[in-house]
Amino acid sequence: DWSPRDFEMGAHLGRGKFGRVYLARERHSHYLVAMKVMFKEELRKGCVQRQVLREIEIQSRLKHPHILRLLTWFHDESRIYLALEIASEGELFKHLRGAPNHRFDEPRSAKYTYQVANALNYCHLNNVIHRDLKPENILLTSTDDLKLADFGWSAHTPNNKRRTLCGTLDYLPPEMVDGNSYDDSVDQWCLGILCYEFVVGCPPFESNSTESTYSKIRRMEISYPSHLSKGCKELIGGLLRKESKGRITLVDVMTHYWVKAGMAERE
Ligand code: ADP
Ligand code: MG
Ligand code: MG
């Protein structure tokens, strides 16, 4: 069993709403991890203690090349520590903002779309919905591969459909905007938003107010810049379907001709 004393804390890698993440080194093996530290008091005040336990339970079960591994976890009087696999290139968000015109070219976007679809498909096969997909929660490794991270909003798929409202506004599917029940096809919607953000540079329903983002989502007000290829628009359109049953499957995303062509071009 591990304790905080076994690790030497180093550089700050990032932070989210509750987590502060540091580079850390196990004192004996010198093994490097990304240590996510959360204060129990803050979790209690934010009423997210159960959510964190679910994050731990879910993420420690998932073992996939495109899902960030939770190696171990422990706690002391005031903090919870999650020892995570390192993704040295950090948030995909940072790379998107740093790219020319804040967007990725189509082959790069296709490669990333494939990897996220692959990870989400694995989650769904294991009855897990991520529900918080966005470029801040996707990390990049030194080999330019993606790791799906931050399972803080994830949930086990129950038999009855879920109604909890969570995730980020720009990525909210229509069924959640309207407070209706939903299932794992919410992740397909979010993948459509993500793919759009890769190739365009901003999410499709971005707006300066909550109300206007909501109404754009309800009215499915999507515009495609003229530089997008036909295949790319087709894939995004197949994922951003108001009717959740009509969204193309993750396996169909992985084998979509635009995805395959883009990946072949990156080889
Ligand atoms: P929160 O649940 O509070 O949003 P996250 O798990 O998203 O916390 O982590 C916060 C930030 O820390 C991430 O957005 C990222 O910038 C950084 N980070 C998290 N895990 C890692 C990791 N394994 N390697 C590198 N950076 C990480
Ligand atoms: Mg986060
Ligand atoms: Mg989180």
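Numbering starts at 1 and runs along the sequence shown.
Under the 4.0 Å criterion applied to side-chain N and carboxylate O atoms, E42 and K45 are not assigned as salt-bridge partners. A salt bridge is defined here as a Lys NZ or Arg NE, NH1 or NH2 lying under 4.0 Å from an Asp or Glu carboxylate O, and D150 with K36 meets this definition. Salt bridge annotation for R97-E197: present, with a cationic side-chain nitrogen under 4.0 angstrom from a carboxylate oxygen.
Residues I248 and L191 are members of one and the same hydrophobic cluster, defined by side-chain heavy-atom contacts under 4.5 angstrom among Ile, Leu, Val, Met, Phe, Trp and Tyr. When hydrophobic clusters are built by joining Ile, Leu, Val, Met, Phe, Trp and Tyr residues whose side-chain heavy atoms come closer than 4.5 Å, directly or via intermediates, Y182 is grouped together with W189. The hydrophobic cluster containing V253 also contains M263, counting ILVMFWY residues as joined when their side-chain heavy atoms lie under 4.5 angstrom apart, directly or transitively. A continuous path of ILVMFWY side-chain contacts below 4.5 Å connects M9 to V33, so both sit in one hydrophobic cluster. By the rule that hydrophobic residues join a cluster once side-chain heavy atoms approach within less than 4.5 Å of another member, L68 and V37 end up as members of separate clusters.
Side-chain contact check for W2 versus L71: every heavy-atom pair is 4.5 Å or farther apart. Residues D6 and R27 have side chains not in contact (no heavy-atom distance under 4.5 Å, counting atoms from C-beta outward). Looking at heavy atoms from C-beta onward, H66 lies out of side-chain contact with Y122 at the 4.5 angstrom threshold. For the pair L148/I138, a side-chain contact is recorded, criterion being any heavy-atom separation below 4.5 Å from C-beta on. Side chains of D252 and H256 form no contact here, defined as non-hydrogen atoms less than 4.5 Å apart. You'll find the side chain of D183 stays beyond 4.5 Å of the side chain of E175, heavy atoms only. You'll find the side chain of V48 stays beyond 4.5 Å of the side chain of K17, heavy atoms only. Here the side chains of L172 and I193 are not in contact, with every heavy-atom distance at 4.5 Å or above.
Without hydrogens or angle criteria, H64 side chain to K147 main chain gives no donor-acceptor distance under 3.5 Å. A donor-acceptor pair under 3.5 Å is absent between the side-chain atoms of E136 and the main chain of E91, judged by distance alone. A donor-acceptor pair under 3.5 Å links the side-chain atoms of K94 to the main chain of E89, judged by distance alone. Under a 3.5 Å cut-off, the side chain of Q115 and the backbone N or O of L146 do form a donor-acceptor pair. Distance alone, capped at 3.5 Å, is enough to place a donor-acceptor pair between the R247 side chain and the S185 backbone. With hydrogens and angles disregarded, no donor-acceptor distance shorter than 3.5 Å links the side chain of E243 to the backbone of G246. A donor-acceptor pair is defined here as one N or O able to donate and one able to accept, closer than 3.5 Å; no such pair exists between the side chain of N137 and the backbone of K134. The main-chain N or O of Y114 is never found under 3.5 Å from a side-chain atom of N118 such that the two would form a donor-acceptor pair. D187 contributes a side-chain N or O that, together with a main-chain N or O of R131, makes up a donor-acceptor pair within less than 3.5 Å. Within the 3.5 Å criterion, the main-chain N or O of V200 finds no donor-acceptor partner in the side chain of Y224.
Interatomic distance, CG of L13 versus CD1 of I86, reported as 7.0 Å (0.5 Å rounding). Atoms CG and CD1, on L70 and I58 in that order, are 11.5 Å from each other to the nearest 0.5 Å. From L139, atom CG reaches atom CG of L92 across 8.5 Å, with rounding to the nearest 0.5 Å. Taking NE2 from H227 and CG from D105, the interatomic distance works out to 11.5 Å, rounded to the nearest 0.5 Å. Separation of atoms CG (L250) and NE2 (H124) is listed at 6.0 Å; rounding is to 0.5 Å. Within the model, atoms CD of E57 and OG of S60 stand 7.0 Å from one another, a figure rounded to the nearest 0.5 Å.
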**OP:** Could you please spell out the steps behind the side chain to side chain donor-acceptor pair (under 3.5 Å) verdict for Y22 and R20?
**Re:** CA-CA 7 Å; Y22 305 90; R20 293 164 183 78; 4.8 Å; no
**OP:** Could you walk me through whether I80 and K40 pass the side-chain contact (heavy atoms from CB on, under 4.5 Å) test, one step at a time?
**Re:** CA-CA 7 Å; I80 296 183; K40 289 178 177 176; 4.0 Å; yes
**OP:** Tell me, with the steps shown, if I56 and F151 meet side-chain contact (heavy atoms from CB on, under 4.5 Å).
**Re:** CA-CA 8 Å; I56 292 170; F151 281 74; over 6 Å; no
**OP:** Check step by step if side-chain contact (heavy atoms from CB on, under 4.5 Å) holds for V259 and M254.
**Re:** CA-CA 7 Å; V259 171; M254 289 189 273; 5.8 Å; no
**OP:** Please step through side-chain contact (heavy atoms from CB on, under 4.5 Å) for the pair W258 and S229, ending with a clear verdict.
**Re:** CA-CA 9 Å; W258 176 79; S229 69; 3.5 Å; yes
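Surrounding NE2 of H28 are at most 12 heavy atoms belonging to other residues, nucleotides or ligands under 6.0 Å away.
Of all non-hydrogen atoms in G192 and I236, the two that sit nearest each other are O-CG2, 4.0 Å. Between L82 and E55, the shortest heavy-atom distance links the atoms CD1-OE2, 4.0 Å. For the pair L169 and I217, the tightest heavy-atom approach, listed with the atom from each and the gap, is O-CD1, 3.9 Å. Residues S209 and S212 approach most closely at OG-N, 3.1 Å, considering heavy atoms. In terms of heavy-atom proximity, L133 sits nearest to Y171 at O-CD2, 3.2 Å. Considering all non-hydrogen atoms of both residues, M176 and V186 come closest at SD-CG1, 3.9 Å.
Residues Y112 and R108 bring a donor and an acceptor atom of their side chains to less than 3.5 Å of each other.
For the side-chain contact (heavy atoms from CB on, under 4.5 Å) with T113, the qualifying choice from L235, L239, L194 is L235, the only one to do so. Considering F74, Y81, Y31 in turn, F74 is the only one that fulfils the ring-ring contact (aromatic ring centres under 6.0 Å, His included) rule with F7.
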